[in-house]
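Take a look at the structure below.
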Amino acid sequence: MIRLCFPSSPGAIIPPRPRRHRHNTATPFPSIPPRSRSLHHHRLTPLLASSRGDRRQRVGGPDMVLFTVTKKATTPFEGQKPGTSGLRKKVSLPRPRPPVYVPVALRSGSLCDVLGRVATSDALDPPPALASRISLGACSRGNSGLSNQSFLVTVFQQPNYLHNFVQATFNALPAEQVKGATIVVSGDGRYFSKDAVQIITKMAAANGVRRVWVGQHSLMSTPAVSCVIRDRVGADGSKATGAFILTASHNPGLGIKYNMGNGGPAPESVTDKIFSNTTTISEYFIAEDLPDVDISVVGVTSFSGPEGPFDVDVFDSSVDYIKLMKSIFDFEAIKKLLTSPKFTFCYDALHGVAGAYAKRIFVEELGADESSLLNCVPKEDFGGGHPDPNLTYAKELVERMGLGKSTSNVDPPEFGAAADGDADRNMILGKRFFVTPSDSVAIIAANAVQSIPYFSSGLKGVARSMPTSAALDVVAKNLNLKFFEVPTGWKFFGNLMDAGMCSICGEESFGTGSDHIREKDGIWAVLAWLSILAFKNKDNLGGDKLVSVEDIVRQHWATYGRHYYTRYDYENVDAGAAKELMANLVTMQSSLSDVNKLIKEIRSDVSVVVAADEFEYKDPVDGSVSKHQGIRYLFGDGSRLVFRLSGTGSVGATIRVYIEQYEKDPSKIGRESQDALAPLVDVALKLSKMQEYTGRSAPTVIT
């Protein structure tokens, strides 16, 4: 019981009850599986809403809950160091035996020629019962945050674990971004997210935050969060200063990250402060007596605390995101394509948060048949699957698109796409055809001005992460565009975009985006491809044959050349051995003549190395320098070998080898990837002495 004093009833004791303003009880998102514990439901006060549904007028009596702030003692946890994508606890299950992964063409004899990620065991697929429940210990830092190897520990559910990180974040932010501020709290709906939303909301209230915006059912894609931070204006004129996002992206498990006022991930200056705070934290603040808010119903719930009023605004985030997409793309042109009887379409959300937007955009706005949507109901455990949009985990889509191992007499759709858990990544497929992420961003950039209204006045520049293939470089050179090669991490793209220097960017790990927000955006990439297809077929919808995804890619290769590309991952390698391997590669760069002599002894049909370095990036915007970002060997014919090391903690390291063969001879752009890459693969493994240092005769994963 809380004592509230009103003029009409001095000293009256009433049950705690928030003031709730409900303005729209329609449920825009798919139904969410029932929780193991129910949320508190409170009586609601009607809200007067305008026809737009976003201008709200508060009505009702003064009987809002008065909460108190509690200071709780705590002790630090080891390893709470966030990367640019936050603090992650991802699943990496122990394997019963070392799996061997081999490159394959997914359909023998097909025009689609890819390097699949295929295991000789089922070890890559975590058991459904564990896929989203478990979190892991023994932390090591990577660019994507904290990655762990498996001890099957429910890390985020440890007492005070989440609380420590949230308080450390509040303490790291400038006071004006906390006191009296508006923050967003949402995620992709994975296990424990709803509980975490309530915890963060209570801590926000205790730390003096004025209002919290929550996506209905706590669902909001990472791109939508960025959109909301940048574009949404509250009924009282408020704007968000940042967001806690509950996601581990394409990984199972759980994660949390903080995005800043520009909509992008917190920079290292902030994440370093957060980590420093986690190592010394001794207390956190929380409004324990603040009731849980019913996040299943759209509306505003008002409270009052020691520093004044506090509101929780539950809203339909798809409204802001769809509005943004309509300002970028020609929805009418895309709709003509999707409703053409000759065009078939398939979209797989892998039971991630993209499903909350798919029906609204593809079916209701663009006219696609609802049967074209796969796995578009968001689930806490991603339906027992792994929410990573690649040829391994998007199995149902891969089969439907004619790229699976089994054969079918059913004609595959013309276009297919998949999303990851938080909808920031994408995979693009054509009929029996796979588009590499590196090719995808290059093709979007090459066609953006004529196909996408948002870019009709031209591109400011383009950028890619260093390990991504140089396909985008060739487009930039041919179109006379500014080009930037940056370290892995979306924050580097964000700096360029904030400075007006970059319009389109991408990375080899299925991330593509533009300057409309400050995160990669999977649905944006799908709409970009549909826009290109719509433009290419604008005068052809009544013809005999549509211009296909494969046609567009092959024409691109004919114009710009083809970048054959693959990535070898060696996981859980002895950290000491991995560091020795990398150090030896750096030492060898001091004498390129010796390197080239060795290469010719390995394969005489490989070009010579003309440059080699350890990649270092000086940000043209803020002057910051990022060192030791990967070891590069650059060949005279435009080919590359790149070696990167991550996760050098006590549990083991991951060595990533990126192998890229550039081919501009039109007669050679249709080769099988494994044939085209075989000489460079041989050189990469022998030059690095991979087996000698690691004891591995084969990589863990080939992408």
Check whether R190 reaches the backbone of S249 with its side chain - one donor and one acceptor, N or O, closer than 3.5 Å.
yes
If only atom types and distance count, is the side chain of Y662 paired as donor or acceptor with the main-chain N or O of F635 below 3.5 Å?
no
When you measure from the side chain of S226 to the backbone N and O of G263, does any donor-acceptor pair fall under 3.5 Å?
yes
Flag side-chain contact, heavy atom, 4.5 Å: Y658 against R632:
no
Taking the basic N atoms (NZ, or NE/NH1/NH2) and the acidic carboxylate oxygens, is any pair closer than 4.0 Å for D473 and R464?
yes
What do the steps show when you test F415 against L530 for side chain to side chain contact (heavy atoms under 4.5 Å, CB included), and what is the final call?
CA-CA 8 Å; F415 180 86; L530 290 173; 3.9 Å; yes
Nearest non-hydrogen partners of L254 and A248, listed with the distance
C-CB, 3.9 Å
Is the W524 ring parallel, tilted or perpendicular to the F329 ring (thresholds 30°, 60°)?
tilted
Min side-chain heavy-atom separation M401-F433 under 4.5 Å:
no
Beyond-backbone contact of L533 with F343, side-chain heavy atoms, under 4.5 angstrom
yes
Separation of R425 CZ from H250 NE2 (nearest 0.5 Å)
4.0 Å
Between S438 and E508, the two heavy atoms sitting closest are OG-CB, 4.0 Å
Indicate the atoms forming the closest heavy-atom contact of I552 with K536, along with that distance.
CD1-CG, 4.0 Å
Side chain to side chain, K520 and W490, heavy atoms closer than 4.5 Å
yes
Tell me if the aromatic rings of H351 and F382 count as close, with their centers under 6.0 Å from one another.
no
Could you check whether any side-chain N or O of D424 sits under 3.5 Å from a backbone N or O of D521, counting only pairs where one atom can act as donor and the other as acceptor?
no
Checking the side chain of R656 only, and the main-chain atoms of D569 only, is there a donor and an acceptor separated by less than 3.5 Å?
no
Here's a test for you: under side chain to side chain contact (heavy atoms under 4.5 Å, CB included), which of V435, L397, V549 qualifies with L429?
L397
Are the side chains of I328 and L527 in contact, using a 4.5 Å heavy-atom criterion?
no
Derivation and outcome, side chain to side chain contact (heavy atoms under 4.5 Å, CB included), residues W557 and D439:
CA-CA 9 Å; W557 291 342; D439 278 345; 3.1 Å; yes
Min side-chain heavy-atom separation I443-W529 under 4.5 Å
yes
Rounded at 0.5 Å granularity, tell me how far OG in S697 sits from CD in Q691.
5.5 Å
May I ask you to decide if the ring planes of F643 and Y633 are parallel, tilted or perpendicular, using 30° and 60° as cut-offs?
perpendicular
Under the 3.5 angstrom rule, does the side chain of S440 hit a backbone N or O of T436 as a donor-acceptor pair?
no
Step-by-step side chain to side chain donor-acceptor pair (under 3.5 Å) determination, S673 to Y565:
CA-CA 8 Å; S673 286; Y565 184 87; over 6 Å; no
Between R554 and E550 (salt bridge meaning N to carboxylate O under 4.0 Å), is one present in this structure?
yes
Enter the distance from L374:CG to E399:CD here, rounded to the nearest 0.5 Å.
12.0 Å
Given the rule in the salt bridge (charged side-chain N to carboxylate O under 4.0 Å, His left out) test, do K431 and E414 qualify, once you have shown the distances and angles that lead to the verdict?
CA-CA 5 Å; K431 181 184 293 187; E414 291 291 330; 3.1 Å; yes
Ignoring hydrogens, what is the shortest heavy-atom contact between I322 and R360? Give both atom names and the distance.
CD1-CB, 3.7 Å
Measure the acute angle between the ring planes of Y347 and F345, then classify it against the limits of 30° and 60° as parallel, tilted or perpendicular.
parallel
Least distance between heavy atoms, C346 atom then R400 atom:
SG-CD, 3.4 Å
Run the numbers on S639 and Q661 for side chain to side chain donor-acceptor pair (under 3.5 Å), then give the verdict.
CA-CA 5 Å; S639 300; Q661 174 69 53; 3.0 Å; yes
When rounded to the nearest 0.5 Å, the distance separating CZ of F362 from OH of Y357 is 13.0 Å
If you define the side chain from C-beta out and look only at heavy atoms, does anything of L677 sit under 4.5 Å from E660?
no
Atom OG1 of T512 and atom CZ of F510: how far apart are they, to the nearest 0.5 Å?
9.5 Å
Carboxylate-amine/guanidinium proximity below 4.0 Å for R640 and E485
yes
Between L350 and A394 the two heavy atoms that sit nearest each other are CD2-CA, 3.9 Å
Check: S186 side chain, L219 main-chain N or O, donor-acceptor pair, under 3.5 Å
no
Has the side chain of S372 got a donor or acceptor atom that lies under 3.5 Å from a matching backbone atom of A368?
no
Tell me whether K379 is salt-bridged to D381, with the criterion being a basic N under 4.0 Å from an acidic carboxylate O.
no
Side chain to side chain contact (heavy atoms under 4.5 Å, CB included) between R567 and I659, worked out
CA-CA 6 Å; R567 186 179 99 184; I659 303 161; over 6 Å; no
Test side chain to side chain contact (heavy atoms under 4.5 Å, CB included) applied to T247 and T222, step by step:
CA-CA 8 Å; T247 180; T222 295; 3.9 Å; yes
Taking the side chain as everything from C-beta on, heavy atoms only, tell me whether V526 gets closer than 4.5 Å to I428.
yes
Testing the 3.5 Å rule here: is there a donor-acceptor pair between the side chains of Y564 and S469?
no
Separation between CE (M427) and CG (D348), nearest 0.5 Å, reads 8.0 Å
